[in-house]
Protein chains: 2
Amino acid sequence: MLSNSSKYALKAVLYLALHTDENNKMMVKDFSERINVPKAYIAKLLQELAKRKIISSAKGPYGGFYITESNKKHTIMEIIEIIDGKKRIESCMLGLEDCNEKKPCPIHSLISPSRSKMIALLKSKTIDDLAKDLELNKVFLPV
Amino acid sequence: MLSNSSKYALKAVLYLALHTDENNKMMVKDFSERINVPKAYIAKLLQELAKRKIISSAKGPYGGFYITESNKKHTIMEIIEIIDGKKRIESCMLGLEDCNEKKPCPIHSLISPSRSKMIALLKSKTIDDLAKDLELNKVFLPV
DNA sequence: TCTTAAATATGATTAATATCATGTTTTTAG
DNA sequence: CTAAAAACATGATATTAATCATATTTAAGA
Ligand code: FES
Ligand code: FES
């Protein structure tokens, strides 16, 4: 469902949401191993997210990646869509051109309602929401 | 969520469920293009399913693959698990060791209930169920 | 201004999937 | 008993995704 890349991106974004802000930036090398993702790999992903304004970054000495309150308003789904694309998450699981009720594949009725629910939730939850859950120790970030 | 391989396998199995039985076997070369899957590729997948008794096969002249009433009692999930493995479908989406309520990852509560529902449905539906839907033109098999 | 430190852009390499190919075994019919 | 036709077993190749590497750009501070 999710690619490795978006798993990694989500982990990194949430880690940054907990540990950074405008005045506390963090370099890739200082957190990549904390979330157990290869440095060069996560760097590439975060660069893409920074370009798309989901997270923030600053070049040069004392620079790094960081997440502002404004960044935190972005949803989990936005991150997934940037990394994986809409198609991966919304297309027909058996390969029909379109996935909809008009011309459903044999497993559409089995998976579509659940998947829609899932997508709706991922669209409704922001980085901030999940960061709060983490702070309250209600959930745990994989290493 | 599903690999290409299990998509293909499902398409092939459902096609066979509609068009074959003990007395009407079908060779790979006679249906692979009907479901738009490379001949050698689908052959390999079906051989695995035949070995696991999900479908039936006969070697030699007048042989081929076919699906018996007994075969039709197998569930969709069985096919997916044989091709993709349990892990692909049930593991934590962010990469936690185990996926459960005891130590949930940040998106567990967003995706787990829906996914469980989905899995339950895939486990409850048999090849026969979906074949019947196809016969009634309630659903459509991707080419 | 110059050095250093960071992200950025781009491309190379490696690993995993998907795809293709081919020789072997089994079965049927003549 | 033999020839042909099918699945079966195994491995090779190609494509895609994951990972790594590096030169470039930008900014800070001396
Ligand atoms: S049509 Fe296949 S999943 Fe919706
Ligand atoms: S713990 Fe991550 S999906 Fe369940």
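Each chain gets a letter, A, B and so on, in the order the sequences are listed, and its residues count up from 1.
- Rounded to whole Å, the distance from CG on A:D30 to P on C:dA5 is 13 Å.
- In this structure, the side chains of A:R115 and A:C99 come closer than 4.5 Å at one or more pairs of heavy atoms.
- Side-chain proximity of A:M27 to the nucleotides C:dA6, D:dA7, C:dT8 is greatest for C:dA6.
- Defined by atom type and a distance below 3.5 Å, a donor-acceptor pair is missing between the side-chain atoms of B:Y41 and B:S32.
- Among the heavy atoms of the strands, none lies under 4.0 Å from B:K39.
- Atom C1' of nucleotide D:dA7 and atom CG of B:L16 are separated by 13 Å, given to the nearest angstrom.
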Distances under 3.5 Å between nitrogen or oxygen atoms of protein and nucleotides 14-17 of chain D:
none

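- Distance A:Q47 CD to C:dG11 P: 14 Å, rounded to the nearest Å.
- Whole-Å rounding puts the B:K44 NZ to D:dA7 C1' distance at 14 Å.
- Listed here is the closest heavy atom pair of A:K125 and A:D129: CA-OD2, 3.5 Å.
- For the pair A:K72 and A:E69, the salt-bridge criterion is met [side-chain N within less than 4.0 Å of a carboxylate O].
- Protein atom CD of A:E48 is 15 Å distant from nucleotide atom P of D:dA18, rounded to whole Å.
- Nucleotide D:dC8 holds its C1' atom 15 Å from the CD1 atom of B:I42, rounded to whole Å.
- The shortest heavy-atom contact between B:I80 and B:S6 is CA-CB, 4.4 Å.
- The two residues A:K103 and A:L96 make their nearest non-hydrogen contact at O-CD1, 3.2 Å.
- Here the side chain of B:K51 is nearest to one of C:dT10, D:dA9, C:dT8, namely D:dA9.
- Contact annotation: the side chain of A:L18 never approaches that of A:I67 to less than 4.5 Å [non-hydrogen atoms, C-beta and beyond].
- A straight line from CG of B:N36 to C1' of C:dT19 spans 14 Å, rounded to a whole angstrom.
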Taking only nitrogen or oxygen atoms into account, show me every contact under 3.5 Å that the protein makes with nucleotides 22-30 of chain C, one pair per line with its distance.
unit_1	atom_1	unit_2	atom_2	d
C:dT26	O4'	B:K59	NZ	3.4

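- Closest to the side chain of A:F65, out of D:dA9, C:dT8, C:dC20, is C:dT8.
- When rounded to the nearest whole Å, the span between CE of B:M26 and P of D:dA7 equals 11 Å.
- The shortest heavy-atom contact between B:T126 and B:K73 is CG2-O, 3.4 Å.
- Look at B:Y8 and you'll find a side-chain N or O under 4.0 angstrom from OP1 or OP2 of C:dT19.
- Taking side-chain N and O atoms only, A:K29 has a distance below 4.0 Å to OP1 or OP2 of C:dA6.
- With a 4.5 Å cut-off on side-chain heavy atoms, A:N24 and A:Y66 do not count as touching.
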